> 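Please see the structure below; I have some questions.
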Amino acid sequence: MKALQCEMCGSQDLVKDGGVFVCQSCGTKYTVEEAKKMMVEGTVDVKGTVKVDTSDELKNLYEIARRAKDADNSENATKYYDMILIKDPSSWEANYYVVYFKSMGCKIAEIWSAASDMANCQSSVIQLIKDNENDEILQKAALTEISLRNTMISSMLFNAAKNHYEGIDSSIQHNYIQEYCNNAAASAQIMYNFGDEVETKFESKYSDISIQGWKGGIGIHKEYVKYLQDKTGNINIINSYGDKIRKYDSSYVNPNVDTSACYIATAVYGSYDCPEVWTLRRFRDFTLDETWYGSLFIKAYYSISPTFVKHFGNIKIFKSQGKKLLDRWVAMLNRKGYENTPYKDKY
């Protein structure tokens, strides 16, 4: 005689309860006749159409998955939400958290891909909430939960990208600016897409939640604009989301965006944050910017230097000769009292 074994999950932990045998692992129920047949033949030969009640199994899986989720156990959460997704493809929770926890476990080289996956899943997940959660309280609870999780993972991915970039040796850091900007942009897009999709699918019903998404996107976006070639275009995008926010909150004011990257100095020294560039940024903010002709020079510099660096920034003679000139200039400024310690721009 064979051991009694659940056909759904393979467990042998079946307990008789109320005239049926119940699998303690997944909740599947078997009649006494089915159990006897399984012990004799190993399988139950069922003819016709049989509706298997998996509600208890799903309940158990949700309980285990949520326990793993609350403990931030990415491996187990992904595993059990994957199992839920097979049995309940319309579950917004499983669809969202399978992507979320896979993204949480990404490596530095996978940040762009992970952030893009998170941004792309927003539309389908929010549609599932709209289609399957008819109660407005449950709808808002689900959207609020996603909003909080999106904020966490977008910030985590962005900060990981930023810390990685800032940790690269200053002599080669300029080679990684584009990678950093791509990772940061994908992180911001998670929040932008979330706000857009909530508004698209629910209109103004949950405008407060849409606003949270847009503000989160702006908060990340404004941090890397100074490294981009098309600063004006990106500021326009930020301002367009500010306009969306003001449709529902007229008091909102667009943030100031730091665009003051020292292009030529950054190209020469390989970093916006290094002693030489800190010295030059102090000179810019506390000497040049104090006079009308100095301010005019700053504006001319920032209008010309991006194109100049784009065409000549990677030429060896530009870097070597430019470094000699700037080294002398920086040394003179240091003698005059301009410090070369870490510095945050005045504006």
Side-chain angles (χ1 to χ4, degrees), residues 2-31 34-35 38 42-44 46 50-107 110 113-115 117-118 120-135 137-157 190 194:
K2 299 179 183 293
L4 184 57
Q5 181 173 337
C6 177
E7 290 190 319
M8 293 296 291
C9 67
S11 172
Q12 294 183 354
D13 186 12
L14 279 79
V15 176
K16 191 174 182 181
D17 181 17
V20 296
F21 284 87
V22 182
C23 176
Q24 300 303 294
S25 295
C26 68
T28 303
K29 299 175 183 178
Y30 300 92
T31 66
E34 289 173 335
M38 288 167 65
T43 60
V44 179
V46 180
V50 177
K51 184 177 181 180
V52 179
D53 182 5
T54 61
S55 58
D56 287 341
E57 181 187 3
L58 267 175
K59 181 179 178 181
N60 290 340
L61 287 174
Y62 271 112
E63 184 177 340
I64 298 170
R66 288 166 181 165
R67 195 182 303 141
K69 175 187 71 175
D70 293 340
D72 284 327
N73 186 330
S74 296
E75 183 178 352
N76 281 347
T78 302
K79 173 184 174 181
Y80 287 105
Y81 276 119
D82 261 327
M83 293 171 68
I84 292 170
L85 203 53
I86 293 171
K87 299 179 182 299
D88 185 11
S90 64
S91 167
W92 73 262
E93 186 177 340
N95 276 275
Y96 178 77
Y97 281 111
V98 163
V99 181
Y100 176 88
F101 281 108
K102 286 179 180 177
S103 298
M104 283 286 284
C106 77
K107 299 177 182 178
E110 301 167 336
S113 177
D117 287 344
M118 284 300 306
N120 293 334
C121 83
Q122 302 299 316
S123 178
S124 59
V125 169
I126 295 170
Q127 187 64 52
L128 286 171
I129 293 173
K130 182 179 181 181
D131 292 342
N132 299 295
E133 295 288 4
N134 297 320
D135 186 293
I137 294 176
L138 294 178
Q139 277 184 355
K140 186 157 189 176
L143 293 171
T144 300
E145 181 177 341
I146 292 175
S147 177
L148 291 172
R149 290 285 178 169
N150 282 345
T151 300
M152 289 171 57
I153 195 163
S154 62
S155 297
M156 185 201 80
L157 294 172
I190 296 171
F194 174 68

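Values in this document were obtained by computation on a predicted structure and should not be read as measured data.
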> Show your reasoning for whether side chain to side chain donor-acceptor pair (under 3.5 Å) applies to Thr78 and Asn76.
CA-CA 5 Å; Thr78 302; Asn76 281 347; over 6 Å; no
> List the residues meeting side-chain hydrogen bond (donor to acceptor under 3.5 Å, both in side chains) with Lys69, not counting sequence neighbours, and say none if there are none.
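So Lys69 forms a side-chain hydrogen bond (donor to acceptor under 3.5 Å, both in side chains) with Glu145.
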> With a 4.5 Å cut-off on side-chain heavy atoms, are Gln122 and Asn150 touching?
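Yes, side chains in contact.
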> For Phe194 and Leu143, which heavy atoms make the closest approach, and how far apart are they?
CZ-O, 3.5 Å
> Of the non-hydrogen atoms in Ala114 and Leu157, which two are nearest, and what is the gap between them?
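Shortest heavy-atom contact: C-CD1, 4.5 Å.
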> So that I can tick it off, tell me whether Arg67 and Glu63 are bridged by a salt bridge, with the cut-off set at under 4.0 angstrom between side-chain N and carboxylate O.
yes
> Over all heavy atoms of both residues, which pair between Phe21 and Thr31 is shortest? Give the atoms and the distance, please.
CD1-O, 4.4 Å
> For the residue pair Ile84 and Ala94, what are the closest heavy atoms and their distance?
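Ile84 and Ala94 have their closest heavy atoms at CG2-CB, 3.8 Å.
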> How long is the gap from CG on Asp135 to NZ on Lys140, to the nearest 0.5 Å?
13.0 Å
> Between Glu57 (side chain) and Thr28 (backbone), is there a donor-acceptor pair under 3.5 Å?
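The answer is no, because no donor-acceptor pair under 3.5 Å joins these two groups.
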> Mark yes or no for whether Asn132, through its side chain, and Leu128, through its backbone, hold a donor-acceptor pair below 3.5 Å.
yes
> Tell me if a side-chain donor or acceptor on Thr151 pairs with a main-chain N or O of Ser147 at a distance below 3.5 Å.
yes
> Hey, could you give me the CG/CE distance between Asn73 and Met104, rounded to the nearest 0.5 Å?
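The CG atom of Asn73 sits 11.0 Å away from the CE atom of Met104.
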> Salt bridge between Asp72 and Arg149, side-chain N to carboxylate O under 4.0 Å?
yes
> Given 3.5 Å as the limit, does a donor-acceptor pair link the side chain of Asn95 with the main chain of Pro89, or not?
yes
> Atom CZ in Arg66, atom CD in Glu93: separation rounded to 0.5 Å?
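These two atoms lie 4.0 Å from each other.
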> Please name the pair of heavy atoms, one in Ile129 and one in Ala142, separated by the smallest distance, quoted to 0.1 Å.
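So the two residues come closest at CD1-CB, 3.8 Å.
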> Which distance, rounded to the nearest 0.5 Å, do you find between the CG of Leu61 and the NZ of Lys79?
10.0 Å
> Apply the ring pair (Phe, Tyr, Trp, His ring centres under 6.0 Å) test between Tyr81 and each candidate in Tyr100, Tyr97, Tyr96; give the one that qualifies.
Tyr97
> Considering non-hydrogen atoms only, spot the tightest contact between Ile153 and Ser103 and give its length.
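That closest heavy-atom pairing would be CD1-CB, 3.6 Å.
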> Sub-3.5 Å donor-acceptor pair from the side chain of Gln24 to the main-chain atoms of Val22, do we have one?
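Here the side-chain-to-backbone pair exists.
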